[in-house]
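Some notes on the structure that comes next.
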Amino acid sequence: MKLVFTLGLVICTVALQARITTVTHHDRPHFRITTRTATYLYDIAGGGLSSIIDRRGNDWVAYKPQPWDQYPPSAASSYRGVPNFVFREPDGGAGHPGHDECVSRVVGRNKIHTTSKSGRWAWTVTFYPDCVRFDMVESDPDHPYWFLYEGPAGGSYRPQTTYWATDVTDPSYEIHDHYKGDDHEDYHRYLLFGENSSPYSLFMLQETPDTLIDHVSYLGNQEIGAAESPDGMVVAGLGRGPGSYPLMTGPNTFLIGLLPYNLSNPAQLLKARSRITKVASRRTR
């Protein structure tokens with residue numbers, strides 16, 4: 001969006017950047033950031049995104065506080081979030097909405113700095129018109145981390161019509177059932193997700209390629225499994241090893257955002273890959 005001011009014969013065009021405001025969401029303080037492609041809600045004490053809302057009003061994260069920490073029912077509620085950096089103790093829950101392990105403050109018009117209360121973790125989050133950039137700047141050397149997207153692709157849990165793709169694989173409708181111990185594991189720079197009825201797809205990307213396992217699966221909110229459950233979430237992890245073990249250490253940069261492409265149309269796959277390449281080149285310098 002742009003504002004145009006006419007001053008005599010001089011026309012000045014000012015591009016509006018992301019602006020951060022404070023709101024209450026699920027009875028918790030959040031930062032609200034609206035960009036050209038999405039509206040984001042960032043849990044101040046949790047240090048993570050509880051919502052990524054597309055321009056149609058669909059929430060691709062849709063964190064809810066209840067049921068809390070119940071396996072698998074919380075796949076429809078409190079397990080959801082981005083980036084969910086820290087798993088297990090100490091500092092478990094840092095980077096995950098709904099937890100109270102962090103202190104977050106606005107350090108720029110479009111930037112947030114978060115530290116864990118222990119001081120062992122710190123990251124910055126920068127909001128751009130086309131994506132969000134997470135920079136891990138301080139991590140506990142004794143405890144690895146991961147970068148996760150956990151939520152309903154397209155805004156509703158519909159695994160039969162939800163697709164996933166990677167930098168080395170085309171879109172697939174295969175439902176890897178997390179509850180049953182089935183998942184896709186490989187080495188990827190980026191992952192893509194979408195649902196047939198949505199005009200968008202979501203991407204998540206790691207700036208520096210590595211040889212750490214990445215993960216894709218679905219977790220339904222009932223023991224009947226991912227395909228049959230009435231609700232649930234995509235489980236997508238960069239640096240997520242077998243048995244739900246974080247693998248990353250040290251500084252790293254990640255991007256996540258929405259693209260104006262639906263990959264159920266094969267003609268849009270190449271456009272999506274080209275857009276990701278351009279966004280990565282622009283936002284990871």
Distance alone, cut at 3.5 Å: any donor-acceptor contact between the side chains of [X] and [Y]?
| X | Y | answer |
| --- | --- | --- |
| H26 | S50 | no |
| E195 | T162 | no |
| T114 | Y42 | yes |

Would a 4.5 Å heavy-atom cut-off, applied to side chains only, mark F87 and H96 as touching? no

Quick one, E207 and L255 - any side-chain contact, counting heavy atoms below 4.5 Å? no

Establish, yes or no, whether a centroid distance under 6.0 Å links the rings of [X] and [Y].
| X | Y | value |
| --- | --- | --- |
| Y71 | Y179 | yes |
| W164 | H176 | yes |
| F85 | Y145 | yes |

Verify the cluster assignment for Y190 and M136: are they in a single hydrophobic cluster under the rule of side-chain heavy atoms below 4.5 Å apart? no

Check whether Y261 and V279 end up in the same hydrophobic cluster, where Ile, Leu, Val, Met, Phe, Trp and Tyr are linked by side-chain heavy atoms less than 4.5 Å apart. yes

Near R32 CZ, under 6.0 Å, is it more than 12 heavy atoms from other residues, nucleotides or ligands? no

Taking OH in Y173 as the centre, count heavy atoms belonging to other residues, nucleotides or ligands within less than 6.0 Å. Is the count above 12? yes

Lys NZ or Arg CZ of R88 over Y245 ring: under 6.0 Å, within 45°: yes

Residues F203, D167; criterion side chain to side chain contact (heavy atoms under 4.5 Å, CB included); working and verdict: CA-CA 10 Å; F203 77 95; D167 54 324; over 6 Å; no

Tell me if a side-chain donor or acceptor on S78 pairs with a main-chain N or O of S74 at a distance below 3.5 Å. no

For F134, run the ring pair (Phe, Tyr, Trp, His ring centres under 6.0 Å) check against W123, Y149, F254, F147 and tell me which one passes. F147

So Y63 and W68, would you call those rings parallel, tilted or perpendicular, with 30° and 60° as cut-offs? perpendicular

Determine, stepwise, if the pair E150 / N84 fulfils side chain to side chain contact (heavy atoms under 4.5 Å, CB included). CA-CA 9 Å; E150 294 183 304; N84 299 1; 2.8 Å; yes

Would you mind telling me which of L148, D183, I213, L212 makes a side-chain contact (heavy atoms from CB on, under 4.5 Å) with R240? L148

Among D135, T126, T124, which one satisfies side-chain hydrogen bond (donor to acceptor under 3.5 Å, both in side chains) with T253? D135

